[in-house]
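Report on the structure given below.
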There are 2 protein chains.
Amino acid sequence: MSAITVDRYDLEILSELQRNGRATNGALGERVHLSMSQVSRRIQRLEESGVIRQYAALLDSEVLGLGVLAITSVTLGRHGETQGDAFEQAVADMPEVLECLSVTGEADYILRVVATDLASFSEFMMKRLLRLPGVVNVKSNIALKRIKETHALPLNHVTQPAQVTRRVVLSKSA
Amino acid sequence: MSAITVDRYDLEILSELQRNGRATNGALGERVHLSMSQVSRRIQRLEESGVIRQYAALLDSEVLGLGVLAITSVTLGRHGETQGDAFEQAVADMPEVLECLSVTGEADYILRVVATDLASFSEFMMKRLLRLPGVVNVKSNIALKRIKETHALPLNHVTQPAQVTRRVVLSKSA
DNA sequence: TGTGAAAAAAACACGTG
DNA sequence: CACGTGTTTTTTTCACA
């Protein structure tokens, strides 16, 4: 596995790109005191190395009518790992499940789920999640208030300049 | 509060922009069989109405060395709401906390936290989170495997065409 | 690594239905 | 008033020094 060197300029660029994924090379260059071509080449490197995974438009769930957000713990019965795979596959295909982690502790999985209202959330739980094979227990915590919600990863832990493990390649059209 | 009408063209545009926040108006137009100017005007409307909250570059936490992801439940002692406000403020200022929700159920808050490794996660818990005033109990579930992780909201629930509540305005430079 | 040309895309104004 | 067309401006990409 190859590596990429990330210096403090890269970190500043990444930080700004996390805030504004459409920042122009010119604007970024002005911010970090680098030429446009420098910025362009650095971003290309960051994309190719997989540090930048994707550019995306972030939508407002409340405006779109998705008023319910829940953290749900799921426990599976003990029936071998085939069941786990089936559960993971099924959950990955459910658009209302934004996140699914297999975790340490009492539960097997923790899910982050959105729904339009409590009625439809309840229906999703009863009719879809609980009916998946192997699911023996679910426990949901409904969000009362969203204190903080960000996609922006902390970057200050990166000792500058740092070697970072290289990953997948971002396709041009993705 | 005013409203915006979102039809099936808008939904297709939003869906694609969630996947690729840098899709050009031309490409989007081809996809939904609409002219460039149509797409441009629709996107502008979606931005102004707050449906599109932000454009962002999504970074890869593993590539950046943030190998630990945890879901942490926090319980506060019963000392009035001033304490809750202080906790919420403190947590909002911690970059390693990506998400914080106040929730129903046993715990008061659920947090999504990243760290470079278990040692630094442990240090964060002991030295920073547990020392916040009012915190009497925390319980963490460490992610063993990330089954699914998306920002893409489901859009199929929107009955087409639908009235959507208007929100804040996206500033041009944000 | 910067500079300048070429290509692409976005923003804008205009004319038309 | 909504729509497409054409023009202008911005931004990116690429070749070259």
Side-chain angles (χ1 to χ4, degrees), chain A residues 2-59 160-164 169-174, chain B residues 2-59 160-164 166 168-174:
Chain A
S2 57
I4 180 184
T5 309
V6 175
D7 64 15
R8 71 180 191 82
Y9 292 109
D10 293 317
L11 289 177
E12 272 197 76
I13 290 171
L14 288 173
S15 171
E16 181 60 22
L17 244 25
Q18 283 197 113
R19 284 205 324 113
N20 176 13
R22 289 195 162 178
T24 66
N25 295 343
L28 288 168
E30 211 169 300
R31 196 170 185 279
V32 303
H33 305 296
L34 240 45
S35 70
M36 255 189 46
S37 54
Q38 276 278 45
V39 173
S40 172
R41 276 167 198 153
R42 281 167 184 272
I43 290 178
Q44 211 171 336
R45 239 165 32 91
L46 292 166
E47 287 172 356
E48 280 166 6
S49 64
V51 176
I52 296 175
R53 208 165 30 90
Q54 185 186 8
Y55 295 94
L58 304 182
L59 311 187
Q160 311 143 11
Q163 295 281 100
V164 170
V169 175
L170 186 77
S171 83
K172 204 68 183 178
S173 62
Chain B
S2 57
I4 180 185
T5 308
V6 175
D7 64 16
R8 71 182 191 83
Y9 293 110
D10 292 317
L11 289 177
E12 273 197 74
I13 290 171
L14 289 173
S15 172
E16 182 60 21
L17 280 176
Q18 284 198 111
R19 285 204 325 114
N20 177 13
R22 290 195 161 178
T24 66
N25 294 345
L28 288 169
E30 211 168 301
R31 196 171 185 280
V32 303
H33 304 294
L34 239 46
S35 71
M36 256 189 46
S37 55
Q38 277 277 46
V39 173
S40 172
R41 270 164 230 191
R42 281 168 184 270
I43 290 178
Q44 210 173 333
R45 240 165 30 92
L46 292 166
E47 287 170 357
E48 280 165 7
S49 62
V51 176
I52 296 176
R53 211 167 26 92
Q54 184 186 9
Y55 295 94
L58 304 181
L59 311 187
Q160 310 144 11
Q163 295 281 100
V164 170
R166 187 177 290 239
V168 285
V169 175
L170 184 77
S171 83
K172 205 67 185 177
S173 63

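The chains referred to below are lettered A, B, ... by the order of the sequence lines, with proteins before strands, and numbering in each begins at 1.
- With hydrogens and angles ignored, the 3.5 Å screen pairs a side-chain donor or acceptor of A/Arg45 with a backbone N or O of A/Thr5.
- Fit an axis to the five pairs at each end of the helix from C/dT1-D/dA17 to C/dG17-D/dC1 and the two axes sit 10° apart, to the nearest 10 degrees.
- The side chain to side chain contact (heavy atoms under 4.5 Å, CB included) search around A/Glu12 returns A/Arg8, A/Arg31, A/Val32, not counting sequence neighbours.
- Near DNA chain D, defined here as any heavy-atom distance below 4.0 Å, there are no residues from residues 23-33 of chain B.
- In terms of the side-chain hydrogen bond (donor to acceptor under 3.5 Å, both in side chains) criterion, B/Thr24 has no residue partners (sequence neighbours excluded).
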All N/O contacts under 3.5 Å from nucleotides 1-5 of chain D to the protein, with atom names and distances to one decimal?
residue	atom	partner	partner atom	Å
D/dC3	OP1	B/Gln38	NE2	3.4
D/dC3	OP2	B/Gln38	OE1	3.4
D/dC3	O5'	B/Gln38	NE2	3.4
D/dG4	OP2	B/Ser35	OG	2.6
D/dG4	N7	B/Ser37	OG	3.4
D/dG4	O6	B/Arg41	NH2	3.0

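- A heavy-atom distance below 4.5 Å is not found between the side chains of B/Ile4 and B/Asp10.
- For B/Gln38, the side chain to side chain contact (heavy atoms under 4.5 Å, CB included) partners are B/Leu34, B/Ser35, B/Arg42, not counting sequence neighbours.
- A salt bridge links B/Glu16 to B/Arg19: one of the charged nitrogens lies within less than 4.0 Å of a carboxylate oxygen.
- For the pair B/Arg22 CZ and C/dA10 C1', the interatomic distance rounds to 14 Å; values are reported in whole Å.
- Between the CD1 atom of B/Ile43 and the P atom of C/dC12 there is a distance of 14 Å, rounded to whole Å.
- Scanning both residues, A/Tyr9 and A/Asp7, for their nearest heavy atoms gives N-OD1, 3.0 Å.
- Atom-to-atom, CG of B/Leu17 to P of C/dA9 comes out at 15 Å; the value is rounded to the nearest Å.
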